[in-house]
Amino acid sequence: MTDTRSHHLDDLLLLTALCPLLAASDTLVGALSVGIAALVTFACTTALLALLGRWLERDTRAIGTLLLAACVVALIELTARAWLHPAYQATGVFLPLVVANLAFVHLTYDATSPARVLRLMLAAAAALVILGIAREIVGRGSLLHGAQLLLGAPADEITLFRVDMGFLLAMLPPGAFIALGLLLALRNWLNERRSAAE
Amino acid sequence: MDTPNAPEAAPAEPRAAGSWLKGLVALGIALTLLTALLAYMASATRERIVQNEQAGVIAGLRALLDAETYDNEPLLDTIEITAPAIVGSERPVTIYRARKAGRPVAAVMRTIAPDGYRGPIELLVAIAYDGALIGVQVLHHNETPGLGNQFETRAAAWLDDFAGRSLADPPQQRWTVRKDGGDFDAFTGATITPRAIIRAVRRSLELYAAQRAQIFD
Ligand SMILES: Cc1cc2nc3c(=O)[nH]c(=O)nc-3n(C[C@H](O)[C@H](O)[C@H](O)COP(=O)(O)O)c2cc1C
């Protein structure tokens, strides 16, 4: 397996895992809450699949992965609605959207490389948080807006500068894709510089 | 590899069928267990979820009604009214009733403005017994941040402008934003959201006027 090809696969999967969650990255707190929710969902499905993977052959693997992911998401959703209600209200609608994407990531990567999958998901969560910070600063000139939603943190929002309407495009869903594009461009540029230096 | 796979497929078939069945059984067992867990979680969380969902209403009622003015529990003293002709929706409106010593004090309607910029806006509209508005609270909305949500961000609370209004104040044709010849401010760059809220508040007043006797039966 050549290294560039697996890098491309990683990129593709990263994008796939991120897409449904991008819209929630309009603030740092929103990005953190969906990022954490996705990681928890992911850890649970990975554990379940590692348990069952032995028996799930080609034919049942796809449907099994999908159904297990759906069950896990439903469980997490119920938990969040009961015990983390404010955070659920802010970002809960995005959670069910990750089911198909999680299953896809699992199916593409063999259950034999959970470490690689975990690294990918951590990268996805990190990317979400970076997007959240960037969009919140550009879009509303603040940081930690709605921090009280996350586990009742006492932190107040930090106002960096006052804007009346904000930079609306950064806050709207298309802003997420534009920001992601910029982030990927930055990453490619850094990678290229590094490989040129070697 | 470009060798045709027909020769290997034949011997592989019976083994594949066996493991396929095993996989199906394992999956069936796992899903049965998970479904049982889901059912258990659903019943374990039901009460908390209902409570959580009412938390917004409880906070709204507290903000709208002065605790001195009533002595009952409006959250439990409710009535549902369906009036599609006035409300414009088949959905029943839940009305929380505040009373003091058994005498009606105020009705708080949980209603929706169906025509928000990005979907319905859920409102609590508090109306005093005499038909004057006490106040309006937004329970839930999806309006555009920075544009349509200015009722929660602007320093001068836009929603406060409703307090004291009634069906006759202002007269019907001026129950809209200034831009349309009405008495209410719009938001900078956003008139759809305020129009929707104003219309829904007006409809609540109309419903109250038409059904007051029934509301406080
Ligand atoms: C992306 C986008 C989001 C908008 N969101 C809202 C909104 O939430 N509420 C609103 O009243 N107007 C919103 N507007 C503005 C409306 O489209 C409209 O221009 C404005 O309300 C004035 O309407 P009028 O010309 O009918 O008075 C948005 C516009 C854009 C481009």
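Sequence lines set the chain letters: A, B, ... in the order given, protein chains first and strands last, and positions in each chain run from 1. Just the heavy atoms: all of them, side chains too, but no hydrogens, waters or symmetry mates, feed the values below.
Exactly one residue among B:Val201, B:Val138, B:Leu123 makes a side-chain contact (heavy atoms from CB on, under 4.5 Å) with B:Leu159. That residue is B:Val138.
Note on B:Ala26, B:Ala55, B:Ala190, B:Gly56: by heavy-atom pairs under 4.5 Å with chain A, the leading option is B:Ala26.
With salt bridges taken as basic N to acidic carboxylate O contacts below 4.0 Å, one links B:Glu53 and A:Arg81.
For chain B, no part of A:Leu51 is nearby; none of its heavy atoms comes within less than 4.5 Å. Contact annotation for B:Leu31: only side-chain heavy atoms (C-beta onward) come within less than 4.5 Å of a heavy atom of chain A. With a threshold of 4.5 angstrom between heavy atoms, B:Ile29 does not approach chain A through any atom at all.
Looking at residues two or more places apart in sequence or on another chain, you find a side chain to side chain contact (heavy atoms under 4.5 Å, CB included) between A:Pro20 and A:Leu97, A:Val98, A:Asn101. With sequence neighbours excluded, no residue satisfies salt bridge (Lys or Arg N to Asp or Glu O under 4.0 Å) with B:Arg118.
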